[in-house]
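On a predicted model such as this, the values are computed, not experimentally measured, just so you know. Convention: sequence-line order gives letters A, B, ...; per-chain numbering from 1. The figures here come from the full heavy-atom set of this structure, side chains too, leaving out hydrogens, waters and symmetry mates.
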There are 2 protein chains.
Amino acid sequence: MLEIADKYGLTLREALVLQHVIRQYIATANPVGSRTVSKQLHLNLSPATIRNIMADLEDKGLLGHPHTSAGRVPTDKGYRCYVDTLMQGMRPKEEDVAFIETRLEDEQFTTIEDVIRKCTHILSAISHQLALVSVPLIGNGRLEHIELVPVSSSRVMVILSIMSGIIKSIVFEVDSEIPRHVLQELASALNERLGGLTLREIRETLPDRIRDTSIDAPSIVELIIKASDRLFSDELDEDRVYIDGVGEVTQHPEFSDPVRLRRIIELVENRNIIIHVLDSVGDSRDVTIRIGSEFEDSALQEYSMIAAPYAVGSAAGRISIIGPRRMDYDRLIPIVDYIATYLSNAH
Amino acid sequence: MLEIADKYGLTLREALVLQHVIRQYIATANPVGSRTVSKQLHLNLSPATIRNIMADLEDKGLLGHPHTSAGRVPTDKGYRCYVDTLMQGMRPKEEDVAFIETRLEDEQFTTIEDVIRKCTHILSAISHQLALVSVPLIGNGRLEHIELVPVSSSRVMVILSIMSGIIKSIVFEVDSEIPRHVLQELASALNERLGGLTLREIRETLPDRIRDTSIDAPSIVELIIKASDRLFSDELDEDRVYIDGVGEVTQHPEFSDPVRLRRIIELVENRNIIIHVLDSVGDSRDVTIRIGSEFEDSALQEYSMIAAPYAVGSAAGRISIIGPRRMDYDRLIPIVDYIATYLSNAH
DNA sequence: GGTAGCACTCGATGCACGGGAGTGCTAATT
DNA sequence: AATTAGCACTCCCGTGCATCGAGTGCTACC
């Protein structure tokens with residue numbers, strides 16, 4: 001630990017104290033005083049010595065205190081240091097794995113959306129944080145099969161099967177009834193010409209690929225071309241992201257302040273900020289952690305996020321939890337990772 | 001007004017005072033004192049007289065005060081009396097109609113779910129209350145057309161067109177790949193035998209109607225029969241109800257108390273209570289109003305609800321708003337009614 | 001019946017006070 | 001030179017207390 005921690009220029013003792021203060025604060029939500037640390041950390045150091053160490057840590061920007069004569073509280077930088085170097089255990093706890101498994105066991109999923117919804121719920125329940133899972137963007141998914149089905153005199157349902165089992169269905173309006181055999185003819189033409197392409201490719205080149213068909217109903221072809229941005233869009237579901245756990249996360253003491261409570265409700269109702277921050281997570285295969293001031297958006301300065309990408313075939317989504325910065329990183333990071341892996345393998 | 005109000009045994013003057021207290025309390029959220037009423041109600045009565053009247057109203061259970069020496073506050077019975085007899089104007093305000101119209105105008109809806117979702121949102125925005133709209137139960141809807149589409153080697157999508165334009169699609173799992181022509185054969189058999197029946201009829205009599213088909217893949221027939229409860233269920237969408245406006249409703253001063261705020265969040269996350277109360281609204285064509293203690297469920301004792309049924313063809317759903325009992329009934333009842341009517345005509 | 005007056009109640013507000021937890025500094029100790 | 005003990009100081013927070021204002025209920029009077 002020493003070697004790593006000294007990236008931040010910390011002595012072993014400083015690192016131990018910082019670690020303990022952060023753990024303590026995460027557990028109790030109260031500023032941590034020198035006396036407590038001195039007693040609980042068995043280094044036989046008096047409170048006074050601890051105070052000196054804590055003062056040093058404060059100089060380095062890792063701890064702060066809300067006011068003179070309160071205990072110490074980690075700063076964003078302190079949490080960052082903790083997450084980068086002082087944390088331990090990158091494996092989910094057995095009991096947590098068991099919890100997840102039992103919740104998933106006797107479920108029958110038929111669509112990927114069901115799985116995602118369930119995972120969002122489990123994630124919020126186990127973490128007591130806000131759980132966010134973005135629906136996978138399917139622009140990179142390859143079209144396996146397309147089907148056109150008349151559902152009423154003026155509407156046609158388009159069903160896209162995408163490789164690795166995702167199904168997207170869209171209803172779209174047509175001017176007049178299209179005979180079934182025309183739809184079938186069109187569908188097989190589309191299958192022939194578009195099968196195996198990614199949706200993005202289809203979107204970009206659709207006109208070139210189908211204008212010259214010999215279908216005797218050019219109007220429907222035009223309609224499809226016109227609607228192609230919607231039909232072959234990246235979005236599987238108009239709800240771009242599933243959210244769960246408002247009730248869970250608001251149990252934390254930081255939300256006994258009604259202003260904060262109000263704020264997080266608005267955050268959730270708005271969705272835009274959340275969708276944006278989920279998108280902003282890079283494509284790295286790893287778990288991404290963002291703490292307070294590390295967010296671009298000022299509305300999120302009081303929160304932390306743990307996010308991980310998952311992939312269903314070549315469609316990629318993100319899963320994350322958001323909650324107070326005082327978050328049990330040790331336990332939650334492996335959990336997010338675990339569920340992301342589950343999602344990637346579930347089909 | 002007198003004639004009606006005296007169902008409650010009220011004199012004209014009492015009725016006027018009650019009406020004014022309730023309006024005032026709805027507008028300001030503060031207990032209403034005798035002085036205010038005396039000044040604002042131009043009956044040339046002194047505060048002392050008003051006090052006597054209010055004391056009488058209190059004896060009749062229509063008003064109360066939170067503590068000695070606070071102003072008066074309506075009781076549930078007071079609100080009930082107001083709603084039954086003292087309210088006026090059953091027509092939505094022009095500005096509200098305009099608001100709704102502009103929100104709906106340039107929308108392109110292709111499915112009934114879209115319309116419902118949009119209406120839920122508009123309703124919460126215009127009322128500043130929690131808006132709840134239940135997805136229509138389609139058990140009484142008549143099957144117009146059924147379509148079976150293979151979407152992967154082991155899954156089949158069933159698409160039900162229900163008269164009046166509702167479409168329900170369900171994906172279900174099959175053991176092994178079913179050849180397309182078998183599905184088509186089965187679909188036309190189903191269309192022939194089930195077309196025109198209500199989903200409820202189909203659910204109840206499906207085995208009798210299709211067991212004797214000559215389809216050469218009896219396994220799929222069995223599967224359909226086994227899945228029939230799900231395929232032909234009353235539910236259009238697994239989310240039985242759309243909810244919007246948590247942010248809106250929590251702006252009301254009653255939610256500055258964090259306990260109440262917490263409670264309503266839990267109410268929304270739970271959904272069960274809400275679904276149940278929406279179901280409990282009778283089938284009356286009219287707007288139903290429920291106030292505080294009139295709810296069976298104790299979790300709703302602090303709220304009021306305005307609910308109205310709507311119908312899409314023969315599928316019926318309910319639309320409602322829930323918020324503090326201190327609700328602007330005059331304005332909101334016509335609005336709920338208006339949107340219910342819109343929903344019933346929107347297809 | 002309506003009104004004026006008055007004592008009373010109760011919540012909200014502001015303030016002083018004291019205890020408790022914790023800090024920072026200095027001087028003494030090892 | 002590092003550690004520790006001691007001490008003055010700071011700040012939060014709960015409590016008690018006096019005050020104020022809105023509003024009531026009652027009684028006596030018009």
Side-chain angles (χ1 to χ4, degrees), chain A residues 10-18 20-22 24-25 27-75 78 253-254 256-258, chain B residues 9-18 20-22 24-25 27-75 78 253-254 256-259:
Chain A
L10 297 181
T11 65
L12 174 57
R13 271 201 341 203
E14 284 172 337
L16 284 170
V17 170
L18 178 60
H20 190 259
V21 169
I22 291 180
Q24 197 62 23
Y25 183 66
T28 65
N30 290 316
V32 184
S34 53
R35 173 184 268 281
T36 334
V37 177
S38 160
K39 256 187 284 182
Q40 295 179 340
L41 204 60
H42 303 104
L43 295 174
N44 292 320
L45 293 177
S46 76
T49 313
I50 299 292
R51 280 206 286 282
N52 289 329
I53 300 175
M54 297 208 294
D56 293 345
L57 287 169
E58 193 167 347
D59 290 341
K60 290 175 179 150
L62 299 165
L63 292 180
H65 39 37
H67 54 86
T68 348
S69 120
R72 295 313 208 284
V73 162
T75 61
E254 7 283 281
S256 52
D257 174 0
Chain B
L10 297 181
T11 64
L12 175 56
R13 270 199 343 201
E14 286 172 336
L16 284 171
V17 170
L18 178 60
H20 190 258
V21 169
I22 292 181
Q24 196 62 24
Y25 183 66
T28 65
N30 290 318
V32 185
S34 52
R35 173 185 268 283
T36 335
V37 178
S38 161
K39 256 188 284 182
Q40 294 178 339
L41 203 59
H42 303 105
L43 295 174
N44 292 321
L45 294 177
S46 76
T49 312
I50 299 292
R51 279 206 285 283
N52 289 330
I53 300 175
M54 296 209 293
D56 293 344
L57 287 169
E58 192 167 346
D59 289 342
K60 290 175 179 151
L62 298 165
L63 291 181
H65 39 40
H67 54 86
T68 349
S69 120
R72 294 314 207 285
V73 163
T75 61
E254 7 284 278
S256 52
D257 174 0
V259 179

Checklist entry - Is there a side-chain contact between A:R72 and A:V37 (heavy atoms, below 4.5 Å)? => result no

Checklist entry - Of all heavy-atom pairs between B:A29 and B:P253, which one has the smallest distance, and what is that distance? => result CB-CG, 3.8 Å

Checklist entry - Does the side chain of A:L10 reach to within under 4.5 Å of the side chain of A:K60, using non-hydrogen atoms? => result yes

Next on the checklist: With a 6.0 Å cut-off (strictly less than), is the heavy-atom count around CG of A:D59, excluding the residue itself, greater than 12?
Outcome noted: yes

Item to check | Close residues, residues 28-43 of chain B, relative to DNA chain C [heavy-atom separation under 4.0 Å] | outcome: none

Checklist entry - For the pair made of CZ in B:R51 and P in C:dG1, what is the distance, rounded to whole Å? => result 18 Å

Please produce a list of atom pairs where a protein N or O lies less than 3.5 Å from an N or O of nucleotides 14-21 of chain C.
none

Checklist outcome for this item: Per-helix bend value, the helix from C:dG1-D:dC30 to C:dT30-D:dA1, C1' rotation axes over five pairs per end, 10° rounding, shows 10°

Checklist outcome for this item: CD (B:E58) and CE (B:M54) are apart, to the nearest 0.5 Å, by 9.0 Å

Checklist entry - Sequence neighbours excluded, which residues qualify as side-chain hydrogen bond (donor to acceptor under 3.5 Å, both in side chains) partners of B:Q24? => result none

Checklist entry - In Å and rounded to the nearest 0.5 Å, what is the CG to OG1 distance from B:L57 to B:T11? => result 8.0 Å

Next on the checklist: How close do A:Y25 and A:P74 get, counting heavy atoms only, and between which atoms?
Outcome noted: CD2-CD, 3.4 Å

Checklist outcome for this item: Atom CD of B:E14 and atom P of C:dG2 are separated, to the nearest Å, by 11 Å

Checklist entry - Can you name the side-chain contact (heavy atoms from CB on, under 4.5 Å) partners of A:D257, sequence neighbours left out? => result A:V259, A:R260

Checklist entry - Has B:T68 got a side-chain N or O lying under 4.0 Å from the OP1 or OP2 atom of C:dC10? => result yes

Next on the checklist: If I take atom NE2 from residue B:H42 and atom CG from residue B:N44, how far apart are they, to the nearest 0.5 angstrom?
Outcome noted: 8.5 Å

Next on the checklist: Going by side-chain contact (heavy atoms from CB on, under 4.5 Å), name the residues that satisfy it together with B:A48, two or more places apart in sequence or in a different chain.
Outcome noted: B:S46, B:R51

Next on the checklist: Categorize B:A48 for me: base, sugar-phosphate, or nothing, with a 4.0 angstrom heavy-atom threshold over every strand shown.
Outcome noted: base

Next on the checklist: Can you list everything that forms a side-chain contact (heavy atoms from CB on, under 4.5 Å) with B:A27? Sequence neighbours excluded, please.
Outcome noted: none

Checklist entry - Of all residues at least two apart in sequence or in a different chain, which pass the side-chain contact (heavy atoms from CB on, under 4.5 Å) check with A:S38? => result A:P47, A:I50

Item to check | Span of DNA chain D, from the first to the last nucleotide whose atoms fall under 4.0 Å of chain A heavy atoms | outcome: D:dT3 to D:dC12

Checklist outcome for this item: In numerical order, the residues of residues 53-60 of chain A whose heavy atoms come under 4.0 Å of DNA chain C are A:M54

Checklist outcome for this item: Scanning both residues in full, the closest heavy-atom pair of A:R13 with A:T49 reads NH2-CG2, 4.3 Å

Name the atoms and distances for all side-chain donor-acceptor pairs under 3.5 Å in residues 61-68 of chain B, with sequence neighbours left out.
none

Checklist entry - Got B:V17 and B:L45 here, is their nearest side-chain heavy-atom distance under 4.5 Å? => result no

Checklist entry - Over how many whole Å does the gap from B:L12 atom CG to C:dG1 atom P extend? => result 17 Å

Next on the checklist: Once you apply a heavy-atom cut-off of 4.0 Å, does A:T49 come out as touching a base, just sugar-phosphate, or nothing?
Outcome noted: base

Checklist entry - Given atom CD1 of A:I50 and atom P of C:dC25, what is their separation to the nearest angstrom? => result 18 Å

